[in-house]
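The basis for the numbers below is simple: all heavy atoms, side chains too, and nothing from hydrogens, waters or symmetry mates.
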Amino acid sequence: MKPAHVRFRSIDPDTPLADRLVGGLGYPLRGAALPTVVGLVLLHFLALLPLTLGLLASLLVWGATWRYAAECMLHTANGFADPPDVGLGDSDRAAWGLTVVHVVAAAFCVAMPFYSPALFAPTLLAVALVLPAIDMALAFDGSLLVALNPAHWGEIIRRFGWSYLIPVGINLAVGVLALLATWITAGLPRLLSLPLFGFAYTYLIVLGFHLMGAMIHRRHEHFGLTPEAAVLAEALGQNDDQRLLDRVHELAVDDPMAATQLLVPRLQDREAPAELHQAYRDLLRRQQLTDALLVHGQIRIAALMAANEPRKALGMVQDCSAIDPDFLPDDPGNAGAIAEVAARHGMRRMALKLCRGWLAHWPRDGRAPAVALLAARELEADGQAMEASVLLGRIAGAWTDHPQHGELLARIEQLKSGTRA
């Protein structure tokens, strides 16, 4: 039986490289990569340890950084859209090889100006040019001898063509950043410079390895690689959803009702992906089935809130409100939580609409004072302090024995005196 509850995002190998480049800019800052990058940045403070301990700690941090970067490259090369969790792969040998290569390359570049300043720029360019090929070889083979073979570099560069210049550019950026760090650190406290430049280094390294993985994924046939994401998606039945979506789009051209009915059984499963729900709503909208859109909206909002995705639920409320201005989630807990999300994101009109609808539909619910306080805050921010005071007065009169009664009275006094919360 297929474990349908296990889902992941994959990427089509034919996705244009420009799209991968733009989308990749946020890769080190999402999913498992963000806490990993932050953790690695904080570990740079170990460099403050005295003498040999600080040097050894720094090498260990860089080893961990390149280990995770290698995992990101392999994960991306196998077609996975999101960053891997820490320690999923077996990249320890590659990590130490990467550490040795990059430390030696950095030392070589730093020493070159003292030996021959005129050769510094060509040396930096040459190092930036060959490092991506070495990195790819180490991440996949783990063999330092293979990675240091110039013939292997040439073969990798030949396979990628001009796109190989993308990781070269990132390597140049890392090299320039290292120089800037050397010059600027002298004028900054180490407590500030360590995390600042540690973050920049780690971000660029993870980004560079991710983009190299994307390049390999696009040309996986040339590397004899079968992307694991495609194999896993087939085993889990995720490709079934894509086939269903393709069939729905095909059928919708001549028979939108049949296409709609084709989606219904799959949408009854909580694990149905968002793309299928959106296709269903598009078909309902095309057939002007507004009542069905609102019913689906209520079901979808409840499912999104149960999945702890209140922002997406808020988006569904907006969509349904465009159809029916009086639309309100049918669960008071969900309606109140979505009103709070709307208020946090500065959507004052939506927050007020939800609060007023809530108070009208569930006036005897014990959460009414909390909803009224939220509404009053939004009304006050909108310059309607008098209306806020009247609203709170009405709720305070109805809930004299409520634990928040004193808070209601205090807010009324603040509004009357012109004191903001």
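- With sequence neighbours left out, the salt bridge (charged side-chain N to carboxylate O under 4.0 Å, His left out) criterion links R247 to E250.
- With a 4.5 Å cut-off on side-chain heavy atoms, Y68 and P83 count as touching.
- Scanning both residues, T260 and Y280, for their nearest heavy atoms gives CG2-CE1, 3.5 Å.
- When the options F197, Y201, W62 are evaluated for a ring-ring contact (aromatic ring centres under 6.0 Å, His included) with H44, the one that passes is W62.
- Contact between W362 and A335 at its shortest, heavy atoms only, is CZ3-CB, 4.1 Å.
- Residue pairs meeting the salt bridge (Lys or Arg N to Asp or Glu O under 4.0 Å) criterion with at least one partner in residues 298-320, sequence neighbours excluded, are R281-D319, R285-D319, E309-K312.
- Within the 4.5 Å cutoff, side-chain heavy atoms of V168 are placed close to those of Y164.
- Nearest heavy-atom pair across V61 and L40 is CG1-O, 3.9 Å.
- Residues G79 and P227 come closest through the heavy atom pair N-CB, 4.4 Å.
- Inter-residue side-chain proximity for Q318 and M347 is flagged as met; some heavy-atom pair is nearer than 4.5 Å.
- Judged by distance alone, with hydrogens and angles left aside, the side-chain atoms of H361 form a donor-acceptor pair with the main-chain N or O of G357 at under 3.5 Å.
- A donor-acceptor contact shorter than 3.5 Å links the side chain of Y203 to the backbone of L25.
- In summary, of the residues considered (L392, L415, L391), a side chain to side chain contact (heavy atoms under 4.5 Å, CB included) with L379 occurs for L391 alone.
- Remark: R158 engages E155 in a salt bridge, criterion side-chain N to carboxylate O under 4.0 Å.
- Put simply, the side chain of R218 does not reach to within 4.5 Å of the side chain of T15, judged on heavy atoms.
- For residues 19-30, the pairs satisfying salt bridge (Lys or Arg N to Asp or Glu O under 4.0 Å) are R30-D82, with sequence neighbours left out.
- Looking at D382, its side chain never comes within 3.5 Å of a backbone N or O of Q384 through a donor-acceptor pair.
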- Message: Run L204 and F199 through side-chain contact (heavy atoms from CB on, under 4.5 Å) and show every step you take.
- Response: CA-CA 8 Å; L204 286 172; F199 175 80; over 6 Å; no
- Message: Using the rule given for side-chain contact (heavy atoms from CB on, under 4.5 Å), can you reason through L294 versus Q298, listing the C-alpha separation, both sets of side-chain angles and the distance that settles it, and then say yes or no?
- Response: CA-CA 6 Å; L294 296 175; Q298 292 285 13; 5.8 Å; no
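- Smallest separation of non-hydrogen atoms from C355 and L374: SG-CD2, 3.7 Å.
- With values rounded to the nearest 0.5 angstrom, C320 atom SG is found 9.0 Å from H296 atom NE2.
- The side-chain heavy atoms of P132 and I156, taken from C-beta on, include no pair separated by under 4.5 Å.
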- Under the side-chain contact (heavy atoms from CB on, under 4.5 Å) rule, what do E380 and S389 come out as? Steps first, then yes or no, please. CA-CA 9 Å; E380 183 186 13; S389 179; over 6 Å; no
- Could you check L48 against L191 for side-chain contact (heavy atoms from CB on, under 4.5 Å), going step by step and ending with a plain yes or no? CA-CA 9 Å; L48 296 174; L191 286 174; 3.7 Å; yes
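- Ring centroid separation for the pair H75 and H210 does not come in under the 6.0 Å cut-off.
- Taking CD from E71 and OG1 from T36, the interatomic distance works out to 10.5 Å, rounded to the nearest 0.5 Å.
- With contacts defined as side-chain heavy-atom distances shorter than 4.5 Å, the pair I395/L359 qualifies.
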- Task: Step by step, work out the salt bridge (charged side-chain N to carboxylate O under 4.0 Å, His left out) result for E387 and R356.
- Result: CA-CA 12 Å; E387 186 176 344; R356 285 171 170 147; 2.6 Å; yes
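- To the nearest 0.5 Å, atoms CZ (F209) and OG1 (T76) are separated by 11.5 Å.
- Put simply, CG on L244 and NE2 on H249 are 9.5 Å apart, with the number rounded to the nearest 0.5 Å.
- Looking at D331, its side chain does come within 3.5 Å of a backbone N or O of N334 through a donor-acceptor pair.
- Residue I216 holds its CD1 atom at 9.5 Å from CG of N78, rounded to the nearest 0.5 Å.
- Remark: K353 does not engage E378 in a salt bridge, criterion side-chain N to carboxylate O under 4.0 Å.
- Within the 4.5 Å cutoff, the side chain of M305 has heavy atoms near those of the I338 side chain.
- Here the shortest heavy-atom pairing between W399 and P369 reads CG-CG, 4.1 Å.
- We find the CZ-OG distance between R219 and S163 to be 4.0 Å, quoted to the nearest 0.5 Å.
- Side-chain contact between I134 and H152 is absent, with no heavy atoms from C-beta onward closer than 4.5 Å.
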